[in-house]
Peer 1: 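Here it is: the structure, laid out below.
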Protein chains: 2
Amino acid sequence: MNQELPVPGLNEVTLSEALKALADNGRRAVILDLMSRSPEEHPCSSFDLPKAKSTRTHHWRVLREAGLVTQREVGNGSFVRLRKDEFEARFPGLLQSIRQADMNGA
Amino acid sequence: MNQELPVPGLNEVTLSEALKALADNGRRAVILDLMSRSPEEHPCSSFDLPKAKSTRTHHWRVLREAGLVTQREVGNGSFVRLRKDEFEARFPGLLQSIRQADMNGA
DNA sequence: ACAGAGGTACGGTAAACATCGTACCACGAA
DNA sequence: TTCGTGGTACGATGTTTACCGTACCTCTGT
C-alpha cells in the first residue's frame, strides 16, 4: 500500500483555517519541528505529540486540511512533508513570524 | 465615567491566544480595519461587526485579552486602540503577514 | 503463524466557543 | 424627564473541538 492522502489546493485554504490549525500548541510544535528539519518527508512517528493514537490522527488531518502538510501512507507507517513553498506563497511570512515568536518564548 | 479596561502585559500573552483571537473572521476584520486607520483610538461603534451587541462585547474582550487592543469606556460609548508597537515587539511580523494574506484574498 | 508497531475510522464525552436575548447602566438630546 | 444610543453582565443554546477507547488494517520481525 502506498497512498497519498488528499490535500486541498492552497488557494482553497482560508486564513482562518490556517490560523486555527497553528493555534493549537501540539500542532504548532509539530510544524516548528518540521521547519527545523530537512525539506523531505519524515515519519509521523518521529514527532513528539504525546496524545492517544487517534488524537494524533486527528491533528494530522487538521494540518493536512489547513494546507500545511502532505501525508503519504505506507501501510506500515506514514510520512509527512511540510508544504513550505506553497504555504509561503499563499500566506507570505506567516510561518516565519510564528517561528520568530516561538524563539522569543511565546 | 472614564474607565480604562484592564489589559494583560504583552509578555503574558501566549502565541496560541493571539492566533485564536485572529482566527475568527469578524475579529480579524476589525483588526485589519484598525491597522488601516490612524494609530489613535476609535469608537467601537465605528467598526463593521454585524452581530448582536452582547456578541460584540465578547469579541472586544477576546481581543483585549489577546493583547491586541486597549479599550476605554466613556459611559456613553467606548473606544479601542490597536496595541501596534507592543504587539509587534512580542510577535514580530505577525500582523503584517496577516494583512498580506488578507490582501492576497485569503 | 503470530505478535508488535504504527496507523485509520468510528463513536462518545467534556470543554470551549460564538451567538443571542434580556436586564441593566451612562450619557446626550429633545 | 423621557427617549435613544452604545454599551456591560449574565444566562442559555448550539456547534465545534480535543481527547480517548475500541475495533480494525498493514507491514515487519521472530
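Here is how names work: the chains are called A, B, and so on, in the same order as the sequence lines, proteins then strands, and each is numbered from 1.
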Peer 1: For B/R56 and D/dT8, give me the distance from atom CZ to atom C1', rounded to whole Å.
Peer 2: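 After rounding, the gap between these two atoms is 12 Å.
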Peer 1: Between D/dC27 atom P and A/N76 atom CG, what is the distance in whole Å?
Peer 2: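 Whole-Å distance recorded here is 8 Å.
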Peer 1: Quickly work out the A/F79 CZ to D/dC27 P distance and round it to whole Å.
Peer 2: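 About 13 Å, once rounded to whole Å.
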Peer 1: Starting at CD of B/Q71 and ending at C1' of D/dG6, how long is that distance when rounded to a whole Å?
Peer 2: 12 Å
Peer 1: Quick one: which of C/dC20, D/dA18, C/dA18 gets closest to the side chain of A/D24?
Peer 2: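 Shortest atom-to-atom distance from the side chain points to D/dA18.
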Peer 1: Are A/L63 and A/V80 packed together at the side-chain level, in the sense that at least one heavy-atom pair is separated by less than 4.5 angstrom?
Peer 2: no
Peer 1: Is there side-chain contact between A/F91 and B/I98, with at least one heavy-atom pair below 4.5 Å?
Peer 2: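 Side chain of A/F91 against side chain of B/I98, heavy atoms only: no contact under 4.5 Å found.
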Peer 1: Which whole-number value in Å describes the distance from A/N25 CG to D/dT17 P?
Peer 2: 16 Å
Peer 1: Roughly what angle, to 10°, lies between the helix axis at the start of the helix from C/dA1-D/dT30 to C/dA30-D/dT1 and the one at its end, five pairs per end?
Peer 2: 10°
Peer 1: Ring of B/F47, cation from B/R56 - is the NZ or CZ under 6.0 Å from the centre and inside 45° of the axis?
Peer 2: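 No, cation not above the ring by the 6.0 Å, 45° rule.
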Peer 1: Quick one: do B/R81 and B/E40 make a salt bridge, cutoff under 4.0 Å?
Peer 2: no
Peer 1: Mind listing the residues from residues 32-54 of chain B sitting with a heavy atom below 4.0 Å of DNA chain D? Number order is fine.
Peer 2: B/C44, B/S45, B/K53, B/S54
Peer 1: Any chance you could measure B/K84, atom NZ, to B/L34, atom CG, to the nearest 0.5 Å?
Peer 2: 11.5 Å
Peer 1: Nearest 0.5 angstrom please: A/F79 CZ to A/E4 CD, how far?
Peer 2: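 If we round to the nearest 0.5 Å, A/F79:CZ and A/E4:CD are 11.5 Å apart.
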Peer 1: How many whole angstroms separate atom CH2 of A/W60 from atom P of C/dG7?
Peer 2: 9 Å
Peer 1: Salt bridge between A/R28 and A/D24, side-chain N to carboxylate O under 4.0 Å?
Peer 2: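 Result for this pair is no, no salt bridge flagged.
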Peer 1: Which whole-number value in Å describes the distance from B/R61 CZ to C/dC17 P?
Peer 2: 12 Å
Peer 1: Is the closest side-chain heavy-atom distance between A/L5 and A/Q3 below 4.5 Å?
Peer 2: yes
